[in-house]
Amino acid sequence: MWKRKKHKIALFMTIVLLAGCVPTISYATSTQDKLDQAEKDKDKLEQQQQDSNDKLDNLENTQKNLKSELNKLNEQLTQVSEHLADLEDQIAVKEKEIADIIRDLADARDLESWQYQCMKKRIQLMYEQNDKSVLNALLEMGGFADFLNFNENFEQLTAYDQMMFDEYVANREYIESEELRLNQEKVALDGLKMEAEAEKSKVSGLIGQTTNSIANYEEQIEDVEAQIRAYEAQIKEKEKDIKALKKKIEEEKALAAAAANAAWRDISEVTFAEGDRYLLANLIYCEAGGEPYEGQVAVGAVVINRLLSSKFPNTITGVIYQKNQFSPVKSGRYALALSQNRATEKCYRAADEAMAGVTNVGNCLFFRTPIEGLTGIRIGGHIFY
């Protein structure tokens, strides 16, 4: 540590370099913190957007596969429906054939009945007539040749009846066998029809389930697409924030460079107001309460450095409450610390040393948590530059 003395600008620059400060890259801690957080938020949003894009790809691929499966099911349903229609046509043909056979069977039975009635009638005519025409016919025959001729006619008539009867029986047996065959074929067709209807019902159910799944994936895709659009909008907002913060950092870097070349007061020229010690000790508590004592002194020294520079307010109150310079002031933590006087004895001692002109960070004007590419004086968890 060293006591501040009056010095010229050249001496100031020498001290700055010896202290390891790099004013040309200086910027406000709170602004850089915001920029870092904004970039982290943007990275997180971009990762969430990428995750959503991956999810969208998976959903679209699944939906594509489902649509392909649906097309196959529709083709299968078409084939099953065509097969079912063909079976129904075959069944209709069989039913017509069975109806025709039943009608033929009924005709055969009618023929049987007619033949029977004819035979019965002939017998009645031959044996039951009151005039005994048959017997008379036999008595009136001229000889054995007439009898044989009569008998031959009778046998021919009987043979005809027998032939017709045999033909009827054969036809009836054929019709009954055809009826049995057709009924068996119809039963088989009915079974195939039931199987086809069951297959059609199964495929229709699968089509319904697949269609519902596709609709469900469509809803999920719409939700994910909405998320992606929301992430895109948030990323654009973050990019605007980052652009604004970078612009502000450039302004602060210019301010730091200007401060290095501007007029500086000596600590002996400063008159502190009543309450400045209280204000500084509680700010030290908020910014470095958990830091080692050297870090607390360094925070106090930064506040005093700003007080001595013509580029910053010339009072403790002005420096501490300068807009967007110390994050605890903006967040309300500082006001709470003041209301309860949370500053410790070490914080008050560090404030006393800083107000007495003691500095362990040369003329550095800023401090923050370490980030890549930032060089300066490292004390505890802060880099001072």
Side-chain angles (χ1 to χ4, degrees), residues 1-4 12 15-23 25-37 249 252 256 259-260 264 267 270 272 276-309 312-313 316-322 324-338 340-385:
M1 297 183 185
W2 58 84
K3 200 78 169 178
R4 285 191 176 84
F12 161 73
I15 294 174
V16 168
L17 292 174
L18 291 174
C21 297
V22 189
I25 64 167
S26 300
Y27 46 85
T29 302
S30 59
T31 303
Q32 183 62 43
D33 288 339
K34 290 178 183 178
L35 177 59
D36 292 344
Q37 187 60 49
I249 286 174
E252 291 170 346
W264 282 68
I267 191 66
V270 177
F272 291 103
D276 282 351
R277 179 173 180 265
Y278 184 78
L279 293 173
L280 182 57
N282 277 279
L283 181 67
I284 291 171
Y285 168 80
C286 290
E287 291 283 13
E291 294 292 313
Y293 179 70
E294 291 79 7
Q296 294 177 357
V297 172
V299 168
V302 166
V303 174
I304 299 303
N305 282 344
R306 292 189 181 193
L307 175 69
L308 299 177
S309 171
F312 289 88
I316 291 286
T317 301
V319 169
I320 291 176
Y321 285 100
Q322 187 177 9
N324 295 328
Q325 294 302 302
F326 296 99
S327 56
V329 176
K330 185 175 181 179
S331 69
R333 288 179 54 237
Y334 181 62
L336 182 62
L338 288 175
Q340 300 175 358
N341 190 22
R342 291 188 174 182
T344 64
E345 184 274 332
K346 285 172 58 179
C347 292
Y348 274 105
R349 185 152 49 93
D352 289 338
E353 288 205 59
M355 292 171 69
V358 175
T359 176
N360 56 354
V361 291
N363 291 298
C364 291
L365 297 169
F366 302 98
F367 66 90
R368 61 154 292 116
T369 53
I371 60 172
E372 185 178 353
L374 178 63
T375 59
I377 300 173
R378 178 73 177 264
I379 300 178
H382 290 132
I383 289 182
F384 296 82
Y385 45 89

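These numbers come from a predicted model, not from an experiment.
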Under the side chain to side chain contact (heavy atoms under 4.5 Å, CB included) test, residues paired with Ala298 that sit two or more places apart: Asn360, Val361, Ile379, Phe384
Do the non-hydrogen side-chain atoms of Tyr334 and Asn282 ever get within less than 4.5 Å of each other? yes
Taking atom types as modelled, is there a side-chain donor on Tyr348 or Asn341 under 3.5 Å from an acceptor on the other? yes
Is a side-chain donor or acceptor of Ser331 paired with a backbone partner of Ser327 at a separation under 3.5 angstrom? yes
Pro370 to Gly381 - nearest heavy-atom pair and separation: CD-O, 3.4 Å
Can you tell me how far CD of Gln322 sits from CZ of Arg306, rounded to the nearest 0.5 angstrom? 6.5 Å
In Å and rounded to the nearest 0.5 Å, what is the NE2 to SG distance from His382 to Cys364? 13.5 Å
Glu345: what forms a side chain to side chain contact (heavy atoms under 4.5 Å, CB included) with it, not counting sequence neighbours? Arg349
Grab the two heavy atoms, one from Thr375 and one from Tyr385, that are nearest each other, plus how far apart they are. O-CB, 3.9 Å
What is the minimum heavy-atom distance between Ala337 and Cys286, and which atoms define it? CB-SG, 3.7 Å
How many angstroms lie between atom NZ of Lys346 and atom CD of Gln296, to the nearest 0.5 angstrom? 5.0 Å
For a 4.5 angstrom cut-off between non-hydrogen side-chain atoms, does Ile377 reach Ile383? no
Would you compute the distance between atom CG of Leu308 and atom CD1 of Ile304 and round it to the nearest 0.5 angstrom? 7.0 Å
Do Phe272 and Leu280 pass the side-chain contact (heavy atoms from CB on, under 4.5 Å) test, and can you show the C-alpha distance, the side-chain angles, and the key distance before you say yes or no? CA-CA 11 Å; Phe272 291 103; Leu280 182 57; over 6 Å; no
Give me the atom names and distance for the closest heavy-atom approach of Ala354 to Ala301. CB-N, 3.8 Å
So which heavy atom on Trp264 is nearest to which on Leu365, and how close? CH2-CD2, 3.7 Å
Under the side chain to side chain donor-acceptor pair (under 3.5 Å) test, residues paired with Arg333 that sit two or more places apart: none
Taking the side chain as everything from C-beta on, heavy atoms only, tell me whether Tyr278 gets closer than 4.5 Å to Leu338. yes
Compare every heavy atom of Phe326 with every heavy atom of Ile320, then report the nearest pair and how far apart it is. O-CD1, 3.6 Å
Atom SG of Cys347 and atom CZ of Arg342: how far apart are they, to the nearest 0.5 Å? 12.5 Å
Validation row: Met355, Ile267 side chains within 4.5 angstrom (heavy atoms): no
Under 3.5 Å, side chain of Arg378 to main-chain N/O of Gly380, donor-acceptor pair present? yes
With a 3.5 Å cut-off and no angle check, do the side chains of Glu353 and Tyr293 form a donor-acceptor pair? yes
